[in-house]
Protein chains: 2
Amino acid sequence: MARNDKREEIVRAARELIAENGFHGAPMAMIAERAGVGAGTIYRYFENKDVLINELYGGIEDRMNQIIMDGYSTETPFRGRFLHIGTGLLRYFIEHPLDFRYLEQFHNSPYGVAVRRDKLLGNREGGCNAFKELFEQGMAQQVLKNFPLVILFDLAFGPLVTVARDHILGFVTLDAAMIVRTVEACWDGIKR
Amino acid sequence: MARNDKREEIVRAARELIAENGFHGAPMAMIAERAGVGAGTIYRYFENKDVLINELYGGIEDRMNQIIMDGYSTETPFRGRFLHIGTGLLRYFIEHPLDFRYLEQFHNSPYGVAVRRDKLLGNREGGCNAFKELFEQGMAQQVLKNFPLVILFDLAFGPLVTVARDHILGFVTLDAAMIVRTVEACWDGIKR
DNA sequence: CCTATCGGAATGAACGTTCATTCTGTAATA
DNA sequence: TATTACAGAATGAACGTTCATTCCGATAGG
């Protein structure tokens, strides 16, 4: 196996296992086994488990942002822009349940809280600058309800995350139409 | 210390530690220490850690439902009823951050998913029968958007949970007025 | 009223297991 | 041959749980 293949296999195995079983259900030995490498080999590519976990997160975030932002134009009216981002996000979650599960694990852990804090304080480049811009402009132009930015985020994306989770857990099944209707409902929540 | 005091101390310590550090940051030895009892003593009151965790959850849920449902009347119009429940929930979260953190830990774990599944399948009495009734009636009377019940729940309460988390993490500060406005926005999301 | 006996509550050291990480000998590569 | 990469055994820390022992209040006997 080539050097890069090995690294990739480790990443893949770790992502799968953590998404399926959580951080504590994914011991390094198990990751190594699924990746088809020795336990010690992982440490040739990642300093320790924390580094591996954080790097995984970054990779998922990057890919997600790229897909969501594809075709996004600041020329579109607010509602259309919001629907673009919202449906893109929800679709991504549903089409990549492993990534979604991983992100949930990550956000509900000290790792994730730290990242979020950094983002809010501006110490870290957020992939969601587009949202921020959208919301700030929307409020300024009285299209959106006047709320602290954080609350607007929560109103808009809180339901999407929850809905995605329920879909992935099998509590409900979302088709393309239902995705759109759900995001439209979120828009109703934030629009003036 | 009387027998009941000891049990109560164990419950208190476990709730605090799990809320603060998660299930894996709250070893039995640490719980025992904070409760001021021996490690083995816990096992005189709870068969094992799982039982302790589930019993804690039940207690929190019961107290929460009691507070939220206080003053609730099925005579009130839909919007008023929703605001009652929504603001009650959000207030409870904010006033009992430890409980909120505990519930989050719980729901993002196999324990919580199992409970949720039971509730949806009707195998378990949900304290949220009031919500269910409210939403079903609301849809039947065309006051609410027509969605699968689960999605309606998510649209309504997803943002509340997210907002509460951000408040507790210090990312935003909600006063009484903001709580009401936030729940009103959730209503806008689900109303026709 | 004092002391001996008793039973369950409480204890914390010890156990077996699991984990992240390190170490070591071997194989591949140059 | 010298160097690097590797696998997997070894390591030690941390965990949930157990269990032989201690503690303590109640009761009985003198």
Side-chain angles (χ1 to χ4, degrees), chain A residues 1-59 101-102 105-106 108-114, chain B residues 1-59 101-102 105-106 108-114:
Chain A
M1 212 186 312
R3 188 178 164 85
N4 274 348
D5 285 354
K6 224 160 245 193
R7 189 176 212 284
E8 216 165 298
E9 280 302 298
I10 292 168
V11 166
R12 188 188 54 77
R15 196 156 44 113
E16 283 177 17
L17 281 169
I18 293 174
E20 286 163 13
N21 311 322
F23 293 123
H24 296 279
M28 294 299 255
M30 205 184 286
I31 294 173
E33 196 192 4
R34 187 178 290 204
V37 304
T41 305
I42 298 179
Y43 290 86
R44 297 201 54 75
Y45 296 91
F46 302 95
E47 194 190 332
N48 55 44
K49 197 176 182 179
D50 280 13
V51 168
L52 173 60
I53 285 172
N54 277 290
E55 191 153 324
L56 251 52
Y57 169 74
R101 297 282 299 270
Y102 188 91
Q105 298 283 346
F106 188 83
N108 289 299
S109 75
Y111 306 111
V113 172
Chain B
M1 213 185 311
R3 189 181 161 82
N4 274 348
D5 285 355
K6 222 156 246 191
R7 189 176 211 284
E8 217 165 296
E9 280 303 296
I10 292 169
V11 166
R12 188 188 54 79
R15 198 157 42 114
E16 284 178 16
L17 281 169
I18 293 174
E20 286 162 13
N21 312 323
F23 293 122
H24 296 279
M28 293 299 254
M30 205 184 286
I31 293 173
E33 196 191 3
R34 188 178 289 204
V37 304
T41 307
I42 298 179
Y43 291 86
R44 297 201 54 75
Y45 295 91
F46 303 95
E47 195 189 333
N48 55 45
K49 197 176 183 178
D50 280 14
V51 169
L52 173 60
I53 285 172
N54 278 291
E55 192 154 322
L56 250 52
Y57 169 74
R101 297 282 297 273
Y102 188 92
Q105 298 284 345
F106 189 83
N108 289 301
S109 74
Y111 306 110
V113 172

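To find a chain, count down the sequence lines: A is the first, B the second, and so on, and within it residues start at 1.
- Taking atom CG on Leu52(A) and atom C1' on dT21(C), their separation rounds to 14 Å, with Å as the unit.
- We find that CD of Glu9(B) is positioned 19 Å from P of dA9(C), with the value rounded to whole Å.
- Residues satisfying the side chain to side chain donor-acceptor pair (under 3.5 Å) criterion with Asp50(A), sequence neighbours excluded, are Tyr111(A).
- Applying the ring pair (Phe, Tyr, Trp, His ring centres under 6.0 Å) criterion to Phe46(A), with sequence neighbours excluded, gives no partner residue.
- As rounded to whole Å, 12 Å separates atom C1' of dT11(C) from atom CD1 of Ile10(B).
- Between Met30(B) and Arg34(B), every side-chain heavy-atom pair lies at or beyond the 4.5 Å cut-off.
- If you measure from atom CG of Asn21(B) to atom C1' of dA14(D), you get 15 Å, rounded to the nearest angstrom.
- Per the geometry, CZ belonging to Arg44(B) stands 10 Å off P belonging to dT11(C), to the nearest Å.
- Applying the side chain to side chain donor-acceptor pair (under 3.5 Å) criterion to Arg15(A), with sequence neighbours excluded, gives Asp99(A).
- Going from atom OH of Tyr45(A) over to atom C1' of dT21(C) covers 18 Å, rounded to whole Å.
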Could you write out each protein N or O paired with an N or O of nucleotides 15-22 of chain D at a distance under 3.5 Å?
residue	atom	partner	partner atom	Å
dG16(D)	OP1	Lys49(B)	NZ	2.4
dG16(D)	OP2	Met28(B)	N	2.8
dT17(D)	OP2	Tyr43(B)	OH	2.7
dT17(D)	OP2	Lys49(B)	N	3.1
dT17(D)	O5'	Tyr43(B)	OH	3.4

Side-chain atoms of residues 20-29 of chain B: list all donor-acceptor pairs with protein atoms under 3.5 Å, sequence neighbours left out, distances to 0.1 Å.
residue	atom	partner	partner atom	Å
Asn21(B)	ND2	Gly25(B)	O	3.4

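- Atoms CD1 (Ile31(A)) and P (dG8(D)) sit 16 Å apart, rounded to a whole Å.
- Residues satisfying the side chain to side chain donor-acceptor pair (under 3.5 Å) test with Glu33(B), not counting sequence neighbours, are none.
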